[in-house]
Amino acid sequence: MRTIFVTGGAGFIGSAFIHLILETTTDVEIVDFDALTYAGNPENLKGLDPARHRFVKGDICDKAAVLDALPDGAEAVFNFAAESHVDRSISSAGEFVLTNVLGTQVLLDAARAKKVKRFVQISTDEVMGSLPDDSNLYFTELSPLKPNSPYAASKAAAEHFVRAARETFGLDTVITRCGNNYGPRQFPEKLIPLMIANAMNDEPLPVYGDGRNVRDWIYVEDHARAIWLACERGRAGEIYNIGARNEQYNIDVVKTILDILGKPHSLIKFVADRLGHDRRYAIEADKTENELGWRPLTSWEDGLRRTIDWYRENQAWVDHIRNGAYRDYYRKMYGELS
Ligand code: NAD
Ligand code: TYD
């Protein structure tokens with residue numbers, strides 16, 4: 001058995017990654033280290049084989065807890081743990097600096113101390129800032145880092161510490177930078193699940209600004225598979241951009257969700273724009289496709305339908321979140337839920 005250490009495994013992408021690895025390999029066991037913040041949800045880990053998945057509750061900023069949980073000579077660390085929502089980073093950046101920057105450094109130190117074979121940092125295209133509207137420019141691995149939100153700045157800072165661990169100490173590192181993910185189990189503060197949840201409840205769908213911001217969407221399982229291949233086949237010290245060549249205007253995403261759910265476009269409500277709102281993200285994934293032999297397998301149409309079906313079938317999962325601290329968050333961000 002090869003042991004991997006996954007942080008943030010109770011969140012959206014981390015849990016998708018764990019489900020995928022346990023389903024598609026037979027020789028990998030996982031230590032899943034997660035602080036269970038508002039975004040971490042034990043329900044995301046239901047049904048996993050306990051012989052191959054061990055959950056440890058802990059904070060990646062807590063050096064002693066990390067050293068205690070991280071097995072000696074582990075095959076790899078996959079660092080998914082993060083504060084991940086741009087709007088929250090605009091309201092309060094402190095937690096982003098702690099978890100995303102300090103937490104990453106704690107993990108890098110622990111990986112060296114425990115002689116981990118490879119450190120995989122899950123980063124984001126947002127570190128590269130914003131592309132001009134309707135241009136034929138794309139993010140590549142050589143694009144300069146120009147983060148615009150506190151979230152993106154913290155993820156860019158984390159990348160610098162990963163690079164420094166490689167250059168200074170020779171730690172074997174790989175960085176992946178993916179675009180916007182969607183799929184089952186995404187916390188409904190993010191665009192797609194928020195719009196699905198509101199539409200299912202006949203509540204207004206708050207679209208920021210003119211709705212013409214562009215995001216490059218990828219189904220979460222395709223991202224998870226690329227991360228695994230980056231670890232298995234990627235070159236040490238390299239960065240791999242991950243994207244499915246699927247640029248969409250926000251307003252079109254929202255209208256498509258309403259159409260699939262059979263709800264009226266009159267539910268759309270244009271609201272004040274996000275501060276510093278990045279206009280367009282678009283990823284060129286040639287390096288990842290060529291070097292790792294990866295391709296996205298899920299089309300936008302299938303992925304969105306599967307995602308909507310999941311939220312329809314898991315109304316209890318959504319209600320559980322919407323009945324908790326989320327209500328206060330939503331009220332502060334948008335006013336009342338209905
Ligand atoms: P998420 O917010 O759904 O989950 C984050 C997880 O990290 C939660 O389970 C939470 O409990 C855990 N966590 C937070 N702080 C922690 C701490 N201090 N110690 C231990 N665990 C902690 O996030 P996500 O959308 O699944 O994103 C996962 C990673 O992927 C992040 O690093 C994010 O930057 C990156 N990413 C996300 C996207 C996207 O579209 N969501 C795109 C590209 C990259
Ligand atoms: P989000 O899911 O927060 O991801 P990110 O900001 O990391 O790209 O937002 C995706 C896009 O949707 C972004 O342009 C902001 C926009 N958006 C809205 O218009 N309304 C909303 O309520 C939310 C959460 C996002």
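Both backbone and side-chain heavy atoms feed into the values below; hydrogens, waters and symmetry mates do not. Order of listing sets the numbers, starting from 1, for every ligand and every atom in it.
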*Contact between A16 and ligand 1, counting heavy atoms under 4.0 Å?*
no

*Is ligand 1 less than 4.0 angstrom away from at least one heavy atom of Y151?*
yes

*Does T37 reach ligand 1 with a nitrogen or oxygen that is under 3.5 Å from one of the ligand's nitrogen or oxygen atoms?*
yes

*May I ask you to check whether W294 and D222 show a side-chain donor-acceptor distance below 3.5 Å?*
no

_Closest candidate by heavy atom, reference atom 16 (C) of ligand 1, pool T99, V220, L45, I122_ = T99

*asked:* If I apply the N/O under 3.5 Å rule, does G9 come out as touching ligand 1?
replied: no

*Any salt bridge between D252 and K255, counting N to O under 4.0 Å?*
no

*For ligand 2, which atoms sit closer than 4.0 Å to a heavy atom of V207?*
19 (O)

*Taking atom types as modelled, find out whether Y208 and D87 have a side-chain donor-acceptor pair closer than 3.5 angstrom.*
yes

_Polar contact flag, side-chain donor to acceptor under 3.5 angstrom, D259-H265_ = yes

*Say whether H277 and ligand 2 are in contact under the criterion: heavy-atom distance to a ligand atom below 4.0 Å.*
yes

*Indicate the atoms forming the closest heavy-atom contact of E291 with Y240, along with that distance.*
OE1-OH, 2.8 Å

_Using a 3.5 Å cut-off on N or O atoms only, is T124 in polar contact with ligand 1?_
no

*Hey, looking at atom 25 (C) of ligand 2, which of Y330, Y208, Y334, Y151 has the closest heavy atom?*
Y208

*For ligand 1, does N180 get within less than 4.0 Å through its side chain, its backbone, both, or neither, judged by non-hydrogen atoms?*
backbone

*Run the numbers for me: atoms of ligand 2, each under 4.0 Å from some heavy atom of H85, listed by number.*
3 (O)

_For ligand 2, which is the ligand I care about here, please tell me if L191 has any N or O atom under 3.5 Å from one of the ligand's N or O atoms._
yes

_side chain to side chain donor-acceptor pair (under 3.5 Å) partner of R177, the single match among E126, E159, Q121_ = E159

*With heavy atoms under 4.0 Å as the rule, classify the contact between R215 and ligand 2 as side chain, backbone, both or neither.*
side chain

*Salt-bridge present (D125, R215; N to O < 4.0 Å)*: no

*Heteroatom proximity flag, N250 to ligand 2, N/O under 3.5 Å*: yes

_Using heavy atoms and a 4.0 Å limit, tell me yes or no: is Y281 in contact with ligand 2?_
yes

*Nearest to atom 3 (O) of ligand 2 by heavy atom, Q186, R274, E126: which?*
R274

*Provide, to 0.1 Å, the distance between atom 24 (C) of ligand 2 and the closest protein heavy atom, together with that atom's residue and name.*
E189 O, 3.2 Å

*Measuring from the heavy atoms of F187, does anything fall under 4.0 Å of ligand 1?*
no

*asked:* Checking side-chain polar atoms at under 3.5 Å, does K190 have a donor or acceptor matched by the opposite partner on S84?
replied: yes

*N41 and ligand 1 - part of the residue with a heavy-atom distance under 4.0 Å*: neither

_Close approach, T7 and ligand 1, non-hydrogen under 4.0 angstrom_ = no

*Below 3.5 angstrom, do we get any N/O pair linking F12 and ligand 1?*
yes

*May I ask whether C178 places a heavy atom under 4.0 Å from ligand 1?*
yes

*Does an N or O anywhere in Y38 fall below 3.5 Å from an N or O of ligand 1?*
no

*From E29 atom CD to E75 atom CD, the distance as rounded to the nearest 0.5 Å*: 11.0 Å

*ligand 2 versus N180, non-hydrogen atoms closer than 4.0 Å: side chain, backbone, both, neither?*
side chain

*For atom 5 (C) of ligand 1, which candidate among G8, A82, S84 provides the closest heavy atom?*
A82

_Electrostatic pair R118-D172, nearest N-O below 4.0 angstrom_ = yes

*Quick one: does ligand 1 sit under 4.0 Å from the side chain of S123, the backbone, both or neither, non-hydrogen atoms only?*
backbone

*Under 3.5 Å between some N or O of ligand 1 and some N or O of H223?*
no

*ligand 1 to N79 polar contact by distance, N or O atoms, under 3.5 Å*: no

*If you measure from each non-hydrogen atom of V86 to ligand 2, which part falls under 4.0 Å: side chain, backbone, both or neither?*
side chain

*asked:* Please check whether A35 reaches ligand 1 - meaning an N/O of the residue sits under 3.5 Å from an N/O of the ligand, judged on distance alone.
replied: yes

_Ring-plane angle category for F17 and F80, please: parallel below 30°, perpendicular beyond 60°, tilted otherwise._
tilted

*Does any N or O atom in I13 lie less than 3.5 angstrom from one in ligand 1, N or O only?*
yes

*Tell me, please: is G179 in heavy-atom contact with ligand 1, that is, under 4.0 Å?*
yes

*Once the angle between the rings of Y329 and Y334 is folded into 0 to 90°, is it parallel (under 30°), tilted (30 to 60°) or perpendicular (over 60°)?*
perpendicular

_No-hydrogen, no-angle side-chain donor-acceptor test under 3.5 Å, N198 and Y330_ = yes

*For atom 20 (N) of ligand 2, find the nearest protein heavy atom and state the residue, atom name and distance (0.1 Å precision).*
P206 O, 2.8 Å

*Any N or O of E189 that comes nearer than 3.5 Å to an N or O of ligand 1?*
no

